[in-house]
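A short worksheet on the structure shown next.
When reading the values below, keep in mind they use all heavy atoms of this one structure, side chains included, and skip hydrogens, waters and symmetry mates. Here is how names work: the chains are called A, B, and so on, in the same order as the sequence lines, proteins then strands, and each is numbered from 1. Given the structure is predicted, the values throughout are model-derived calculations rather than measurements.
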Number of protein chains: 2
Amino acid sequence: MTNTSTTTTKATRGARGEYAKTRKRREAILDAALEVFAEGGYRAGSLREVAQRVGISEAGLLHHFPNKVALLEAVLSRRDDRSREMVPLDSDDPHAALRGVVALAAYNATVPGVVELYCTLSAEATAPDHPAHAYFTRRYETTRAAFLKSFGTLGRQGRLRPGVSPERAAIVLIALWDGLQVQWLLDREVVDIADALHECIDALADVEWDETDATPAADETEDAE
Amino acid sequence: MTNTSTTTTKATRGARGEYAKTRKRREAILDAALEVFAEGGYRAGSLREVAQRVGISEAGLLHHFPNKVALLEAVLSRRDDRSREMVPLDSDDPHAALRGVVALAAYNATVPGVVELYCTLSAEATAPDHPAHAYFTRRYETTRAAFLKSFGTLGRQGRLRPGVSPERAAIVLIALWDGLQVQWLLDREVVDIADALHECIDALADVEWDETDATPAADETEDAE
DNA sequence: GTCTATATGGCGATAGAC
DNA sequence: GTCTATCGCCATATAGAC
């Protein structure tokens, strides 16, 4: 809590070993900011609250991020990096991409703050003058395009259910995911998001859930469904 | 703009014909408040902004509603009345209820403010300390129960698609609706909500879309679909 | 790099005149 | 029923000391 321990993380012990300290501080600020923006949204979240959780003053915080909007952008950008490295949404293998959706949904259930953040912010950013409006517009376009590609590939393999169009499937999958998060945040007992998504994806396409691509008869733990 | 026209709406011209005027003022306030809360959410929306749109002072506004929370509750309550009288969600006929969903979605596309309001507020009210948290928790429970009943009835008639459970169908339908609204608010060209819901309901159950229940050949304006 | 102090302004709500 | 005036609070952001 106190920052009197100057010897904790001097990774680069050479000249000016303060780099690591600043980096750690920035990370701590971003962690706190994510929490605050998740709990109250961007507009209601305050720099004061963020600074307090980190244990510094508002002015100290603004030394690391010039203003509130910059802080928000840093939070979103860092979050995106982490998601991208976790889920291969732009994979060439549509099965892998859709498996990634379920995997990410399952993981998110263990990190409620992130779900809160995106759920609250995406609704708030619906307003055209919101600082994250462009970010979310673009993000949805990108995600739709990625799913469109996946479902398009599945369609060409004849693995889409009859009457399902790739365009519609992409929109519906995203909508479903978002909507399930709202209900989950209001009452965590009411729905298992990963389960529901898994089931609905099955209703859209014939997806290989096991990673039995190269190795035919590897590990089948889910064949009893 | 000016309120010098005392003779405009004296509906009850007897003693104290001011009732109608007050009622009109309250309605105007609620209209403006809906807009403001829709655009920025509850926390970011200000009484100042509402008062300005109505053309009165903040103190004048607070004469009609004691505080900000009361104003929000009045807005939500009035909106609920209108929705309920429009859509028979608790109808005994599951077909009528699901037709109502599509009809309401189509109507909402003509009143973007209402969609904004619920989309923004439901996400914001995810926070446990939000003044509308209890309202939305309850609202989702009620809606889920209503849809559960509809899909349950359809199930007993053998009209649910194979593998569809009434519980899951209720949750999914609501989630889909909510999620589609987010995408629609970010880009109105990307999706027709009523269309998408119609299609997805078809994927869940075998619903009678024409109202050919009691009167066989009455008025068929929609049979060309 | 972090602090204190401060500028500037919006907010919800109240008191009391008319 | 509506106003003006005001209170007290919290917000973002800046200036300058240490």
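- With a 4.5 Å cut-off on side-chain heavy atoms, B:E73 and B:L76 do not count as touching.
- At least one side-chain nitrogen or oxygen of B:H63 sits closer than 4.0 Å to the OP1 or OP2 atom of D:dG1.
- We find that CG of A:L61 is positioned 13 Å from C1' of C:dC3, with the value rounded to whole Å.
- Salt bridge annotation for B:R168-A:D192: absent, with no cationic side-chain nitrogen under 4.0 angstrom from a carboxylate oxygen.
- Atom CD of A:Q52 is separated from atom OG of A:S57 by 11.5 Å, given to the nearest 0.5 angstrom.
- Enclosure of atom CZ in B:R188 by more than 12 non-hydrogen atoms of other residues, nucleotides or ligands within 6.0 angstrom is indicated.
- Heavy-atom contacts from other residues, nucleotides or ligands closer than 6.0 Å to CZ of B:R23 number 12 or fewer.
- Just one residue in the list A:D92, A:D90, A:D93 forms a salt bridge (Lys or Arg N to Asp or Glu O under 4.0 Å) with A:K149, and that residue is A:D92.
- Of the inter-residue distances, the one linking B:L72 atom CG with B:H130 atom NE2 reads 6.5 Å to the nearest 0.5 angstrom.
- Between C:dG1 and A:T22, a contact under 4.0 Å exists linking OP1 or OP2 to a side-chain N or O.
- B:L71 places its CG atom 12 Å from the C1' atom of C:dG12, with the value rounded to the nearest Å.
- Contact annotation: B:H64 reaches the phosphate of D:dT2 (side-chain N/O to OP1 or OP2, under 4.0 Å).
- Distance check, rounded to the nearest 0.5 Å: OG1 of B:T120 to OH of B:Y42 gives 15.0 Å.
- The stretch residues 121-134 of chain B does not touch DNA chain C, since none of its heavy atoms comes less than 4.0 Å from the strand.
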Close N/O contacts between protein and nucleotides 10-14 of chain D (under 3.5 Å):
{"unit_1": "D:dA11", "atom_1": "OP1", "unit_2": "A:S46", "atom_2": "OG", "d": "3.1"}
{"unit_1": "D:dA11", "atom_1": "OP2", "unit_2": "A:R48", "atom_2": "NE", "d": "3.2"}
{"unit_1": "D:dA11", "atom_1": "OP2", "unit_2": "A:R48", "atom_2": "NH1", "d": "3.4"}
{"unit_1": "D:dA11", "atom_1": "N7", "unit_2": "A:R48", "atom_2": "NH2", "d": "3.1"}
{"unit_1": "D:dT12", "atom_1": "OP1", "unit_2": "A:L47", "atom_2": "N", "d": "3.1"}
{"unit_1": "D:dT12", "atom_1": "OP1", "unit_2": "A:K68", "atom_2": "NZ", "d": "3.4"}
{"unit_1": "D:dT12", "atom_1": "OP2", "unit_2": "A:L47", "atom_2": "N", "d": "3.1"}
{"unit_1": "D:dA13", "atom_1": "OP2", "unit_2": "A:K68", "atom_2": "N", "d": "3.0"}

